[in-house]
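Working notes, structure below.
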Amino acid sequence: MTLQEEIGRRRTFAIISHPDAGKTTLTEKLLLFGGAIHIAGAVKSNKIKKTATSDWMEIEKQRGISVATSVMGFEYRGYKINILDTPGHQDFAEDTFRTLTAVDSVIIVIDSAKGVEMQTRRLMEVCRMRKTPVMVFINKMDREGKDPFDLLDEVEEELGIHVRPLSWPINMGLRFKGVYNIYQDKLNLYTPDKQRVSETIAVDLQSKELDQHVGEEDADKLRQDLELIEGVYDPFNIQDYLAGNLAPVFFGSALNTFGVNELLDCFVEIAPSPRSIQANERMVNPTEEKFSGFIFKIHANMDPNHRSCIAFVKVCSGKFERNVYYRHIRHDKQMRFSSPTAFMAQKKETVDEAYAGDIVGLPDTGNFKIGDTLTEGELLHFKGLPSFSPEMFKYIENADPMKQKQLDKGINQLMDEGVAQLFVNQNTGRKIIGTVGQLQFEVIQYRLLHEYGAQCKWEPISLYKACWIESDNEAELALFKKRKAQYMAYDKEGRDVFLADSNYVLQMAQNDFKNIRFHFTSEF
Ligand code: G4P
């Protein structure tokens, strides 16, 4: 196969959802179709249950599972599919944001009874920023849920994207009979079955056979619904989907394997193969001969005896090869990798080569940080995902004066891994850690102790948001920094950050200093 063909058959995507909508179940069913697993129940949820917050070892175990399922590769109808797993727990939302930098498209799972939920909205914002094509799977149709038309409106409104149903449910809850596949113009009826892929029967929509299968009432309703859909929604336009403006919608029940096959078949046909990726220097095309890639995720080995990590590289162009020297741009040094790994059909194996779109795991002992670029020599810097303002802040203090060095080193490395964000107060030099959830503080404390032998303690600080500030008016910027000296900090790159302690203070600052731009993400 040529390089172009190899890359063209790749589909690298993530499934995102609010916890409990059915992401794990859908992933598992996709793997079943792909023959990567043979029985349901083989994929463990990496969900961190609420009760685990106080039990760090339990979290660790659960996080361990997520290493194994970080990337799931399998073959389906000649396509190479890579599903990137995202953490279910919202305290690790930053991990999910970063994973979204490495995918070419996304499937969003929505619970038909709950509709669009908070986590989904936030993740969709990231997809919108990056113009990632998204498909929507409305799940749990075997339960009583919201009206399908209402759900479509909700998705449009709440997620800010146009929708186009490509399958349509026939009733719901106990009366759910299957889905009409609009994309292929076929009716698919299913028998609920949790253990294996159900049989499908195709029927012509206009024939009386339809009435025989689903009953006269549901048959009429289906014909009416479809007519309404054709009237209200424009025909599906793949270009709009690829541009990230239009989301095709599928209905089904992942648990019962209803509608999953339609989703997958349509997905492989229309979802994009690896797309061009913007580097600071230029646009990089996936089919370029030369290899390039970037690190989007670092997974620490929680075993204190082996302080090694796996750095996950998304191959952006060309072909990655084992034991070939590549240039680590930030360190400007040549590195080669003797045991790069990939996950195929649930098995972790050493790979000799990987193509644009693939994800490779590189064993690492602290050489990498999130966003690092590897190339065959060219000076390239891929744009990472900006950091978002954290939502929780705490001072981090040394609890063991003999171990200051270890603490500093530990904090630096954990920040490189992207565990949380560090701010240093410009006035006092005190270190502030910002996170999106309480769990991250526990993770940091535990890891500092077990991996670096350092003890930290947390002290409260009441902050509302971190904003990166800039201005063309030097004098005004200087005045602002002087007035707000107590609240000024540097981020890891030494940029100015204003730590506002309330929404009110922030608004006042924005009012009083009209020439200063306040940004809530680190890339502007
Ligand atoms: P998540 O990864 O998005 O958090 O969701 P997950 O797949 O773990 O699913 C959450 C719960 O919803 C699970 O139940 C799962 O069985 C159920 N579920 C998923 N798809 C469907 C569906 O199509 N219909 C119905 N009725 N339920 C569905 P649980 O009780 O939390 O877990 P389990 O004990 O069943 O594993």
Side-chain angles (χ1 to χ4, degrees), residues 13-33 37 39-53 59 62-63 65-72 83-93 95-96 99-100 106-124 134-146 148 151 159 167-179 188-198 249-264 437 439:
F13 73 107
I15 303 179
I16 56 177
S17 73
H18 193 86
D20 273 347
K23 176 168 70 77
T24 310
T25 314
L26 180 65
T27 306
E28 178 174 288
K29 294 305 160 88
L30 294 177
L31 293 179
L32 268 174
F33 279 116
I37 54 169
I39 48 156
V43 179
K44 294 281 172 294
S45 165
N46 72 356
K47 230 183 324 180
I48 293 167
K49 298 255 154 56
K50 274 235 163 58
T51 48
T53 19
I59 298 170
Q62 298 188 26
R63 293 266 290 169
I65 292 167
S66 79
V67 179
T69 56
S70 277
V71 185
M72 288 159 280
I83 306 181
L84 272 58
D85 196 22
T86 54
H89 198 289
Q90 65 176 36
D91 284 11
F92 296 105
D95 269 16
T96 305
T99 298
L100 293 180
V106 154
I107 294 179
I108 296 178
V109 183
I110 289 173
D111 183 327
S112 69
K114 297 198 175 133
V116 176
E117 295 174 87
M118 188 264 297
Q119 184 98 336
T120 318
R121 232 172 276 138
R122 288 182 55 187
L123 294 170
M124 182 63 206
V134 302
M135 271 188 186
V136 173
F137 183 73
I138 298 190
N139 191 28
K140 306 198 187 181
M141 292 307 296
D142 59 318
R143 290 216 185 133
E144 291 302 327
K146 298 185 181 182
L151 278 167
L159 298 185
S167 85
W168 196 251
I170 302 166
N171 234 318
M172 63 171 84
L174 291 174
R175 291 158 289 116
F176 182 52
K177 302 200 173 126
V179 291
N188 294 307
L189 298 165
Y190 301 88
T191 330
D193 186 333
K194 291 182 195 182
Q195 298 305 319
R196 61 183 171 79
V197 177
S198 312
V249 179
F250 290 82
F251 290 83
S253 162
L255 189 65
N256 294 294
T257 328
F258 278 156
V260 179
N261 211 353
E262 287 74 11
L263 176 76
L264 182 59
L439 259 182

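All values below were derived from every heavy atom in this structure, side-chain atoms included, with hydrogens, water molecules and symmetry-related copies excluded. Counting convention: from 1, in listed order, for ligands and their atoms alike.
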Shortest reach to atom 15 (C) of ligand 1 by a heavy atom, considering only D85, T25, I16:
T25

Polar-atom distance check: P19 versus ligand 1, any N or O pair below 3.5 Å?
no

At their closest point, which heavy atom of G259 faces which heavy atom of F137, and how far apart are they?
O-CE1, 3.8 Å

Contact summary for K29 and V260, nearest pair of heavy atoms:
CB-CG1, 4.0 Å

Going by the atom numbers of ligand 1, which of them fall below 4.0 Å from some non-hydrogen atom of R143?
26 (N), 27 (N)

Side chain, backbone, both or neither: the part of S17 lying under 4.0 Å from ligand 1 by heavy atom
side chain

At under 4.0 Å between heavy atoms, is it the side chain or the backbone of N139 that contacts ligand 1, or both, or neither?
side chain

Given that the side chain starts at C-beta and the backbone is N, CA, C, O, which of these parts of D20 lies under 4.0 Å from ligand 1, counting heavy atoms, or is it both or neither?
both

So which heavy atom on A21 is nearest to which on D111, and how close?
CB-N, 4.0 Å

Looking only at distance, does G22 have an N or O less than 3.5 Å from an N or O of ligand 1?
yes

Which pair of heavy atoms, one from M141 and one from N171, lies closest together, and at what distance?
CE-O, 4.3 Å

Mind checking whether L255 has an N or O less than 3.5 Å away from an N or O of ligand 1?
yes

Applying side-chain contact (heavy atoms from CB on, under 4.5 Å) between T96 and each of D85, L84, L123, report the one that passes.
L123

Under 3.5 Å: donor-acceptor pair, side chain of S112, backbone of K140
yes

Under 3.5 Å: N/O of N256 near N/O of ligand 1:
no

Using a strict 4.0 Å cut-off to heavy atoms of K23, name the atoms of ligand 1 that fall inside it.
1 (P), 2 (O), 3 (O), 5 (O), 7 (O)

Counting from 1 in the order shown, the ligand 1 atoms closer than 4.0 Å to a non-hydrogen atom of A254 are 23 (O)

Using a heavy-atom cut-off of under 4.0 Å, does the side chain or the backbone of K140 touch ligand 1, or both, or neither?
both

Electrostatic pair R122-E117, nearest N-O below 4.0 angstrom:
no

State which residues pass ring pair (Phe, Tyr, Trp, His ring centres under 6.0 Å) with F176; sequence neighbours excluded, sorted by chain then number.
F258

Which residues pass the ring pair (Phe, Tyr, Trp, His ring centres under 6.0 Å) test with F13, sequence neighbours left out?
F267

Find all atoms of ligand 1 within a distance of less than 4.0 Å from any non-hydrogen atom belonging to S253, and give their numbers and elements.
22 (C), 23 (O), 24 (N)

